[in-house]
Every structure is written in C-alpha cells, then in structure tokens.
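The structure under discussion appears below in the form of structure tokens.
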Amino acid sequence: MTLGLFGALLAALAYGAATVLQAIGVRRAAALPAGTAVIGRVRAGWPYAVGLALDGVGFLASVAALRTLPLFLVESAVASSVAVTAVLSVLVLHVRLGVPEVIALLAVGVGLTGLALTAADGPAVHPGPAATWWLFAAALLVGVLLVVGARDRRRGGALLSVAAGLGFGGVGVAARLLEIPSPVWALGTEGLAWALVGHAVLATVAYGMALSRGRVTTVAALTFATETVLPAAVGLLALGDRVAAGRAPWAGAAFVVTLAGCIALANRAEPGEGHEAREVGTTPCSGAGESSRDRPHWRRLS
C-alpha cells in the first residue's frame with residue numbers, strides 16, 4: 001500500500017502546485033503590453049508550461065495509485081489537491097486563509113489519514129468485457145449532459161458541472177480497471193484506454209464550459225462531489241474495493257470529512273491574485289469588467 005499512497009499523495013501535490021503555477025504563468029503573460037512577440041509571452045508565461053507538466057505527473061501518479069488502492073481513497077486524495085493549492089497560495093502568493101479555511105484544511109488531513117488507515121489495498125476485480133461497454137455508455141451520458149447543459153441557460157452550469165464530475169469519475173474507474181499491456185503501444189487496441197480518453201476529453205470540455213456559466217465555488221463543489229462519490233460507489237459495489245474488516249463506519253466518516261473539507265476549500269482552488277499582481281507590477285489577467293465567477297480556473301485530469 002505504501003507505493004500506492006505515495007502515488008496518490010504525489011498526484012495531489014502535483015495537481016495543487018500546477019494550479020498555482022498555471023495561474024502565475026497566465027497572469028504574467030497577460031500583463032505584457034499589447035503587441036508583445038509570441039516568444040516574449042512564452043518566456044513570461046513559463047510557469048504555465050511547468051504547471052502543465054505537473055498535471056501530467058499528477059495524472060500518471062494517480063493511475064499508478066489506482067493499480068493497488070480503492071477508488072474511494074485515490075479520488076479523495078486527488079480532490080484534496082485544493083488543500084495543496086490553498087497552502088501554496090499562502091506560502092507563494094501570501095494569500096490569507098480565514099478560520100473556516102484552516103478548519104477545512106485540518107479536516108482534509110484528518111479525513112485522508114482515516115481513509116488510509118481503513119482502506120484495504122489490492123487490484124480491482126475486473127467485471128469482464130461488459131465494463132468497457134458500461135464506460136462507453138457513461139461517456140455517452142456525459143456527452144448528452146454536455147449538449148443539454150450548453151443549451152440550457154438556467155441550469156446549464158449545474159448540468160455541465162455534473163457532466164464534468166461524471167467524466168472525471170469515468171477516468172478514475174477506467175484507470176482502476178486498465179491493465180498496461182506489453183508492449184505498451186498495444187493500448188491503442190484497448191477499449192478501456194479509449195473509454196478513458198473519451199471521458200477525459202468530455203470532462204475537460206464540460207468543466208471549462210461550466211466555469212463560464214456558474215460560480216467557481218459552485219462548479220467545483222458539484223464536480224468534486226460527483227467525481228468522488230460515484231466512482232467510490234462503483235468501486236465498492238462492482239470492482240472489489242474493500243474496507244479493512246471492522247472499519248467500515250470509520251471509513252465512511254473519514255470519506256465524508258475529506259469530501260466536506262475539499263468542497264469547503266473549493267473557493268481556494270483558484271489562487272488569489274492580489275499579491276501576484278503587485279509582484280509583477282501589473283493588473284491581473286481578468287478584465288476590469290470581469291467578476292470573480294469569470295476568472296480562469298484550471299482543472300486536473302484524474
């Protein structure tokens with residue numbers, strides 16, 4: 001279990017740090033005068049590229065963790081990347097956290113510790129070829145929700161958030177089931193690999209559209225809840241994920257505490273821009289007429 005836990009924690013650290021670096025990179029590039037050459041913008045925005053690389057590291061680490069750890073533990077650990085972002089925002093951007101955010105950070109730490117102590121490690125029980133078709137069906141559902149949400153002006157933000165959560169959850173389930181063949185390029189013939197890619201693409205599009213429709217806090221909370229709870233249920237009911245004997249109540253409580261802490265910290269998933277703006281001597285990348293709900297927000301694949 002030690003290597004799996006290391007992978008889950010590495011994923012949370014990588015995703016959390018990536019959010020901060022991408023925010024800094026975009027703001028520095030956007031702060032350059034109009035007409036600045038592309039190469040100049042690339043040089044100024046180098047933290048963004050590093051953030052993308054960390055997103056890749058986080059994804060690979062989460063996939064590695066899912067080889068041996070149940071979905072309810074790995075998905076909770078990955079969702080806790082908002083806690084990493086909050087801490088780094090304090091250390092790097094000097095954002096001030098209030099008492100509720102500090103309590104939420106402690107809750108995430110306690111909850112993850114509880115999950116780690118109650119989860120039983122082991123590979124997933126493969127339900128057979130039907131699992132691949134169920135994942136493709138789930139991807140179709142995500143696509144339908146994406147289309148409906150894009151057209152619905154009243155409830156579009158919520159529908160797109162749920163679609164993103166389902167998509168990211170589908171990525172987790174597919175990664176839990178996927179066995180890396182030898183040679184590795186044989187993945188191109190694996191239905192689970194294509195289901196994973198499909199879920200990832202649809203989820204990323206849905207999440208980006210959701211952020212353009214609703215508040216960051218609401219979108220992040222709905223997405224976190226959907227992508228954490230549903231895969232956990234699938235893992236326990238269909239994939240053989242297990243809780244250590246006699247620890248089910250503790251595991252349930254730890255799961256709820258972790259998820260609640262992550263949702264409470266969702267409003268810190270985008271670092272504050274005040275200090276960064278002063279640091280580079282410019283204004284943030286959001287326009288003068290932009291509200292907090294319109295500012296960019298970056299999402300990890302897991």
Side-chain angles (χ1 to χ4, degrees), residues 7-28 45-62 65 74-112 161 164-165 168 203-204 207-208 210-211 215-225 227-228 257-277 279-280 284-286 292-302:
L9 293 176
L10 176 60
L13 290 171
Y15 285 138
T19 299
V20 175
L21 287 169
Q22 287 167 340
I24 292 173
V26 166
R27 287 165 186 162
R28 287 182 175 176
W46 66 265
Y48 185 84
V50 177
L52 287 178
L54 283 177
D55 274 336
V57 171
F59 177 71
L60 293 176
S62 65
V74 178
E75 292 292 344
S76 297
V78 170
S80 71
S81 63
V82 293
V84 176
T85 299
V87 172
L88 289 178
S89 294
V90 172
L91 298 176
V92 178
L93 304 179
H94 300 286
V95 172
R96 293 183 180 180
L97 297 181
V99 174
E101 286 80 18
V102 173
I103 294 174
L105 281 171
L106 294 175
V108 170
V110 171
L112 286 177
S161 300
F168 287 124
T204 303
Y207 195 77
L211 288 170
R215 294 181 180 276
V216 169
T217 51
T218 303
V219 171
L222 283 173
T223 304
F224 281 149
E227 75 167 297
T228 305
V257 168
T258 304
L259 182 59
C262 291
I263 291 175
L265 284 168
N267 63 336
R268 291 289 177 179
E270 179 188 6
E273 70 258 27
H275 177 270
E276 178 61 19
E279 182 179 281
V280 299
C285 66
S286 56
S292 60
R293 62 180 285 178
D294 300 317
R295 296 183 191 122
H297 184 91
W298 294 270
R299 180 68 179 161
R300 77 288 182 289
L301 294 178
S302 66

Short question: side chain of [X], backbone of [Y] - any donor-acceptor pair under 3.5 Å?
X      : Y      : value
Tyr15  : Ala79  : no
Thr258 : Leu112 : yes
Ser81  : Gly16  : no

Which atom names give the shortest non-hydrogen contact between [X] and [Y], and what distance separates them?
X      : Y      : value
Ala225 : Ile263 : CB-CD1, 4.3 Å
Ala104 : Ala264 : CB-CB, 3.8 Å
Cys262 : Ser76  : SG-O, 4.4 Å
Gly261 : Ala107 : CA-CB, 4.5 Å
Thr223 : Val219 : OG1-O, 2.8 Å
Ser62  : Val74  : O-CG1, 4.0 Å

Rounded to the nearest 0.5 Å, what separation is found between the [atom1] atom of [X] and the [atom2] atom of [Y]?
X      : Y     : atom1 : atom2 : value
Ile24  : Trp46 : CD1   : CH2   : 8.0 Å
Phe224 : Ser80 : CZ    : OG    : 9.0 Å
Thr85  : Leu13 : OG1   : CG    : 10.0 Å

Contacts of type side-chain contact (heavy atoms from CB on, under 4.5 Å), residue [X], not counting sequence neighbours:
X     : answer
Leu52 : Gln22, Tyr48, Asp55
Ala17 : Leu54, Leu88
Val90 : Leu97

Close side-chain approach of Val78 and Phe168, heavy atoms under 4.5 Å: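 Val78 vs Phe168: side chains apart.
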